[in-house]
Amino acid sequence: MPRAIKTYSMAERAAGPDFGIRSETSVTRIAEAHRHEYFQIQLNLAGTTQHHVAATVRPLGPGYLSFVLPYRVHRVPHPPGSKFHVLSFNLRFLRPELDVDPLDLEDVPLERAPELAPFLFQEYLDFQLKGDEFAAARAACERMAAESLRRRYCSLEIIRGHLLLLIGTVCQRYEQELTALAAKQAQRTSRRDALARVVRHVRENLIRRVSLADAAAAADLSPNYLAHLIKKETGKTFTDLVTERRMEKAQELLAHTTLRISEIAAAVGFEDEAYFARRFKQCFRLAPRDYRSRAVAGALP
């Protein structure tokens, strides 16, 4: 059987409840793929390895950094002679005012939290600092480590300042690539939101004729663009989309109500019961009455 992927907490992997930093001399290395409830950054100082994150593999040589979102499966093998800093911190430490579930971080607009960019796009970019920027990043890690040991008044604020300086340096170094990826992400989000508005409009109006023009107006799109968007995102036509939603609703009503077939046909926008029955059988290879019988008997696949 495949081995279960372990999820680590801050208490298991960091000295403090909010922030921790370790080097190759103090960290317990994990060879297997794993995930954790917190953010992680590794600054590689010496030795060449790879960062396995989600479905990609990125190089991790001297001066490279790896960024890991909470709950993102990853692993970094450490060959002999490796030197590095590993920073662990939770969302509240990074952004105290950002009140979102860590599992929803990929939906946060980067205008709201630009420092999330390297974490969000680690699968698409290799982050490396050289020269003065690498020296500054290394110094920032050393200062964070020293301050974390002291833990006195305002230590956390000082650590957070160095942490944001490190992340900000990477963001500025890769500004063009990150902003391009963010624009694509925003476009995908916008398309997803538009399609969600269309689907909601269709579901709310199944009992009547649903036109492409009305659905486009509900989503603040032109009919031509909506037709193109549906085809691009789903491979289907608008008519296909509407028919799918009608059939899904019909399945629900057949399985969970005692409405007559004619009433169900009308409820999902069919004036002709016989035509509804033909379309239903085309979709599910069962007549509506047979589908209901199997649903009641618990015999549906």
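The figures here come from the full heavy-atom set of this structure, side chains too, leaving out hydrogens, waters and symmetry mates. Counting from 1, the numbers follow the sequence of the chain as shown.
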Check: Leu241 and Lys236 side chains under 4.5 Å, non-hydrogen atoms: no
Taking the side chain from Thr234 and the backbone from Lys231, do they hold a donor-acceptor pair closer than 3.5 Å? no
Has the side chain of Ser82 got a donor or acceptor atom that lies under 3.5 Å from a matching backbone atom of Gly47? no
Main chain of Phe84, side chain of Glu24: is a donor-acceptor contact present, judged purely on distance under 3.5 Å? yes
Is the side chain of Arg246 donor-acceptor paired with the backbone N or O of Val268 at a distance under 3.5 Å, no angle test? yes
Under 3.5 Å: donor-acceptor pair, side chain of Tyr174, backbone of Gln128: yes
Just so I know, are the side chains of Glu244 and Asp240 near enough to count as touching, which here means a heavy-atom distance under 4.5 Å? no
Nearest 0.5 Å, please: how far is CZ in Arg95 from CZ in Arg112? 8.0 Å
So His74 and His34, would you call those rings parallel, tilted or perpendicular, with 30° and 60° as cut-offs? tilted
Would you say the side chain of Arg72 lies within less than 4.5 Å of the side chain of Val53, judging by non-hydrogen atoms? yes
Please report whether the ring centroid of Phe270 lies less than 6.0 Å from that of Tyr275. yes
Honestly, is Lys6 close enough over Tyr8, meaning NZ or CZ under 6.0 Å from the six-membered ring centre and within 45° of the axis? yes
Angle between ring planes, Phe119 versus Phe89, binned at 30° and 60°: parallel, tilted or perpendicular? perpendicular
Inter-residue atom distance Leu43.CG - Phe127.CZ, 0.5 Å rounding: 13.5 Å
Treating Ile, Leu, Val, Met, Phe, Trp and Tyr as nodes and any side-chain heavy-atom pair under 4.5 angstrom as an edge, say whether Phe67 and Val76 lie in one connected cluster. no
Atom pair CZ (Phe134) and CG (Leu65), whose distance is rounded to the nearest 0.5 Å: 8.5 Å
Separation between CG (Leu69) and CZ (Arg35), nearest 0.5 Å, reads 13.5 Å
Distance-only donor-acceptor check, side chains Thr239 and Thr237, under 3.5 Å: no
Once you round to the nearest 0.5 Å, how far does CD1 of Ile159 lie from CG of Leu87? 9.5 Å
Within 6.0 angstrom of Asp132 CG, more than 12 heavy atoms from elsewhere: no
Enclosure of Asp104 CG (heavy-atom neighbours >12, cutoff 6.0 Å): yes
For the residue pair Ser293 and Asp290, confirm or rule out a side-chain donor-acceptor distance under 3.5 Å. no
Would you say Asn44's side chain and Leu60's backbone share a donor-acceptor pair under 3.5 angstrom? yes
Geometric cation-pi criterion, Arg160 with Phe93: 6.0 Å, 45°: yes
Residues Arg151, Asp18: salt bridge by 4.0 Å N-O rule: yes
Enter the distance from Arg58:CZ to His51:NE2 here, rounded to the nearest 0.5 Å. 10.5 Å
Expected output: side-chain Arg197 to main-chain Ala219 donor-acceptor under 3.5 Å: yes
Expected output: side-chain Glu12 to main-chain Ser9 donor-acceptor under 3.5 Å: yes
Taking atom types as modelled and ignoring hydrogens, do the side chains of Glu147 and Ser155 form a donor-acceptor contact shorter than 3.5 angstrom? yes
Decide yes or no for Thr25 and Lys83: does some side-chain heavy atom of the first lie under 4.5 Å from some side-chain heavy atom of the second? no
